[in-house]
Number of protein chains: 2
Amino acid sequence: MAATIKDVAKLAGVAVSTVSYALNNSPKISEETRRKVFRAAKELNFRPSGAARNLKKRKTQTIGLFLYDLGGPFYSQVIEGVQEVVASHGFNLVVCSTYGGENSSAHRFMLEQFVDGAIIMGSSISDSLILQVASESFPIVVLDRELKGEYVHNVLITYEQGAYDAVSHLIKLGRRNIEFLSGPLTSFDNSLRYNGYKRALEDNGLPVPKKISLFGRCLEVGGYQAAKVMLAGSQLPDAIFAANDEMAIGSIRAMSEIGVRVPEDIAVVGFDNINIGPYVNPPLTTIGHSKYELGAIATQLVFSAQRDGSSILLPTQLVVRSSCGYKDVF
Amino acid sequence: MAATIKDVAKLAGVAVSTVSYALNNSPKISEETRRKVFRAAKELNFRPSGAARNLKKRKTQTIGLFLYDLGGPFYSQVIEGVQEVVASHGFNLVVCSTYGGENSSAHRFMLEQFVDGAIIMGSSISDSLILQVASESFPIVVLDRELKGEYVHNVLITYEQGAYDAVSHLIKLGRRNIEFLSGPLTSFDNSLRYNGYKRALEDNGLPVPKKISLFGRCLEVGGYQAAKVMLAGSQLPDAIFAANDEMAIGSIRAMSEIGVRVPEDIAVVGFDNINIGPYVNPPLTTIGHSKYELGAIATQLVFSAQRDGSSILLPTQLVVRSSCGYKDVF
DNA sequence: CTGAAAGCGCTAACAT
DNA sequence: ATGTTAGCGCTTTCAG
């Protein structure tokens, strides 16, 4: 049985309240008593119970970051941004998966108020749940959807514009037959990217293909498979705009396997500017945005404790490498 | 003020214990009462307090995964392995950074028994802390060091052998002057890799360079910088064995910048087989090990609840791509 | 400066 | 099948 504050009090010959004060460095306690208490605590190998403290204080001093999939090249940088500012506030950060729906750790943590605030990315926590639990004592910021409510903030990225820029770039380079490698249709991000794609085509008087290629989640294999079937078609596009870099990379792999040259035969633009980008062959032209900043700003919003939900928009920028052709650099 | 179980009891016109039983689906409760309770709970927007439950039950049903840096291509797969088996036990998973030493979330969580078990990777949680807190009710598994104690388990990878294999591969391919791109000297993993390197050289009657290249943590830039200075030296090696893939990739970047050809002039082997490996140019020959399995097995060990610390050793294998030359494939 | 005591919200005997 | 009640370990008035 682990020692409690009571045991420490007994050993030190003081009251429990004194122990509590001493351990929390309250100025009320004399140096001598404090030392006695610390000695006793060490001797008993005392470790305070976080659960008891949380219960009493009705706070946990921790922020939750809830993501669908904890791996993923995209997330790692936003995690860093979050981590940094959470730590600077002296809070703890837990990152949990939303995988598993109702039974996911993230769900339980939200419901059971294990955290004092949350940053949510990915759609597997429902709007209604978020609105239900958000409150002054539990601010929430969502990263990839528009959701209005008290104590819920949004930080968004100009994905639509980014997609528009990507496709415009392709068009400027002379590509005319540009196909979209899509992520899940239910994804807000994905639809934004599709919209930008469509608008760029229309603004340039190009027809919008009704067919879009789609293979499950935005993973490398998804891009690979989608490209495989695209390549098996009768008429090849001269460019691909992928909903994200991983899919773009997958598509490049599929093409190189059958000898289609990138960018000579087919140009490729990705989205997100993940770390691998510069290393693939050819180095990937893509749309970048600051993932670190996304995390950091979101976290600041959590701490801002504003009742009125704000909505922050972060820019994207085209990052030119060579997967669209050497005219890329101009 | 959020509703408590007491409020629910009052509204439903039953005792608090009845509410508790009902909400926890105890069979003791009649269907009718259960429904009444659920209705009341819903009406009050009742959410149970995890803190109170944890305090009462002295368990949290959550496992902590403590890593130094939550991003990193290496970790993502081990996280997946952990996530999966934690979920299959119906537990929650929190992943926290050990960054910040004593004040890191990970530290606090260990100390304040926020989790029922921990998986620790990276050395910033001290051996003594681990031994201090490990117990029947708090099993710990460490992933990258040997540490014996009750309720502490190790899962290790045959890094030494992997390094041996990597360097032997290089030697078989005719390379004689092989340099080691080292990670932090304090790192257990790194020293294992160095030992394997050294042993392979010795077994083949090759001299062991006293110089090793070293630039901070095992990151891409570290490899880049280390390679830069190496390349500035008078006598170039004909091969590089990097302590991990990221450094290997960084070194390749440094070389391609000044026109040193890989593998013609200098062959490169990495370590860890991270996801990017196949995409860099040239595709990286490396030493692989199953990171998913590492996480999954570690987690099973947490749940095994054995008093005697066990130590599991996972194998590595050479994965041949083309950064060591086309004779690679044989 | 220190001690006594009242809970925080829940669970689980135990009693009915 | 349901109610009463005693804590879990801590913080924090309030008294001294």
Side-chain angles (χ1 to χ4, degrees), chain A residues 1-38 40-41 44-62 108-109 111-116 133 137-138, chain B residues 1-38 40-41 44-62 108-109 111-116 133 137-138:
Chain A
M1 205 44 235
T4 75
I5 196 175
K6 227 164 162 178
D7 303 317
V8 177
K10 198 179 298 171
L11 181 61
V14 298
V16 289
S17 54
T18 304
V19 175
S20 175
Y21 287 132
L23 260 19
N24 292 297
N25 292 313
S26 157
K28 309 177 162 194
I29 300 297
S30 72
E31 251 325 297
E32 195 195 330
T33 314
R34 185 191 311 286
R35 256 198 299 278
K36 256 193 328 204
V37 169
F38 273 90
L44 293 172
N45 189 19
F46 169 73
R47 291 179 294 138
S49 154
R53 174 159 4 142
N54 288 349
L55 174 56
K56 184 66 196 176
K57 305 188 83 161
R58 274 94 143 282
K59 302 201 182 156
T60 60
Q61 288 265 108
T62 111
R108 292 189 221 166
F109 280 29
L111 251 7
E112 305 194 352
Q113 39 214 295
F114 269 115
V115 292
D116 293 341
V133 302
S137 57
F138 192 4
Chain B
M1 204 44 236
T4 74
I5 195 173
K6 228 164 161 176
D7 303 317
V8 177
K10 198 180 300 171
L11 180 61
V14 298
V16 290
S17 56
T18 305
V19 175
S20 174
Y21 288 132
L23 260 20
N24 292 295
N25 292 312
S26 156
K28 309 176 161 196
I29 301 296
S30 73
E31 249 326 295
E32 193 195 330
T33 315
R34 186 190 312 285
R35 256 198 300 277
K36 258 197 322 207
V37 170
F38 273 91
L44 293 172
N45 190 18
F46 169 74
R47 291 179 294 138
S49 155
R53 171 156 9 138
N54 288 349
L55 174 57
K56 183 65 197 180
K57 304 190 83 160
R58 276 93 142 279
K59 304 203 180 155
T60 61
Q61 287 267 106
T62 113
R108 291 188 224 166
F109 280 27
L111 251 8
E112 305 193 351
Q113 39 215 291
F114 268 117
V115 292
D116 294 341
V133 303
S137 58
F138 191 4

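The chains referred to below are lettered A, B, ... by the order of the sequence lines, with proteins before strands, and numbering in each begins at 1. Keep in mind that this is a model prediction, so the values were computed, not measured.
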Atom [atom1] of [X] to atom [atom2] of [N]: distance rounded to whole Å?
X: B/L23; N: C/dC10; atom1: CG; atom2: C1'; value: 11 Å
X: B/R47; N: C/dC10; atom1: CZ; atom2: P; value: 11 Å
X: A/K6; N: C/dG7; atom1: NZ; atom2: C1'; value: 14 Å
X: B/N24; N: C/dA13; atom1: CG; atom2: P; value: 13 Å
X: A/Q61; N: D/dT11; atom1: CD; atom2: P; value: 12 Å
X: B/I29; N: C/dT11; atom1: CD1; atom2: P; value: 13 Å
X: B/E32; N: D/dT2; atom1: CD; atom2: P; value: 8 Å
X: A/D7; N: D/dG9; atom1: CG; atom2: C1'; value: 10 Å

Of the nucleotides [options], which one has an atom closest to the side chain of [X]?
X: A/S30; options: C/dC1, D/dG9, C/dT11; answer: C/dC1
X: B/K28; options: C/dC14, C/dC8, C/dG3; answer: C/dC14
X: A/Y21; options: D/dT12, C/dG7, C/dG9; answer: D/dT12
X: B/S20; options: D/dT4, D/dG9, C/dT11; answer: C/dT11

Notebook entry, point to check: Quick one: does B/T18 reach the base of D/dA1 with a side-chain donor-acceptor pair under 3.5 Å?
Noted result: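 Result: no qualifying N/O pair found.
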Notebook entry, point to check: Is a donor-acceptor contact shorter than 3.5 angstrom present between the side chain of B/K56 and the base of C/dG9?
Noted result: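 Looking at the base of C/dG9, it does not pair with any donor or acceptor on the side chain of B/K56 (distance under 3.5 Å).
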Tell me whether the side-chain N/O atoms of [X] come closer than 4.0 Å to OP1 or OP2 in [N].
X: A/T33; N: C/dC1; value: no
X: A/S49; N: D/dC8; value: no
X: A/N54; N: D/dC10; value: no
X: A/S17; N: C/dT2; value: no
X: A/R34; N: C/dC1; value: no
X: B/R53; N: C/dT11; value: yes

Item checked: A/E32: salt bridge (charged side-chain N to carboxylate O under 4.0 Å, His left out) partners, not counting sequence neighbours ->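 In terms of salt bridge (charged side-chain N to carboxylate O under 4.0 Å, His left out), with neighbours along the sequence ignored, A/E32 is linked to no residue.
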Margin query: So if I take the C1' atoms of five pairs at each end of the helix from C/dC1-D/dG16 to C/dT16-D/dA1 and get each local axis, what angle do the two axes make, rounded to 10 degrees?
Written below: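 Taking the rotation axis at each end, their angle is 40°.
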Quick one: does [X]'s side chain get under 4.5 Å of [Y]'s, heavy atoms only?
X: A/S49; Y: A/T4; result: no
X: A/R47; Y: B/E112; result: no
X: B/R34; Y: B/L23; result: no
X: A/F114; Y: B/N54; result: yes
X: B/Y21; Y: B/V37; result: no

Item checked: side chain to side chain donor-acceptor pair (under 3.5 Å) assessment of B/D116 paired with B/T60 -> CA-CA 6 Å; B/D116 294 341; B/T60 61; 3.0 Å; yes
Next item on the list: Could you verify whether a donor N or O on one side chain and an acceptor N or O on the other, from B/T33 and B/S30, lie under 3.5 Å apart?
Entry: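 Checked: B/T33/B/S30 side chains pair up, N/O donor to acceptor below 3.5 Å.
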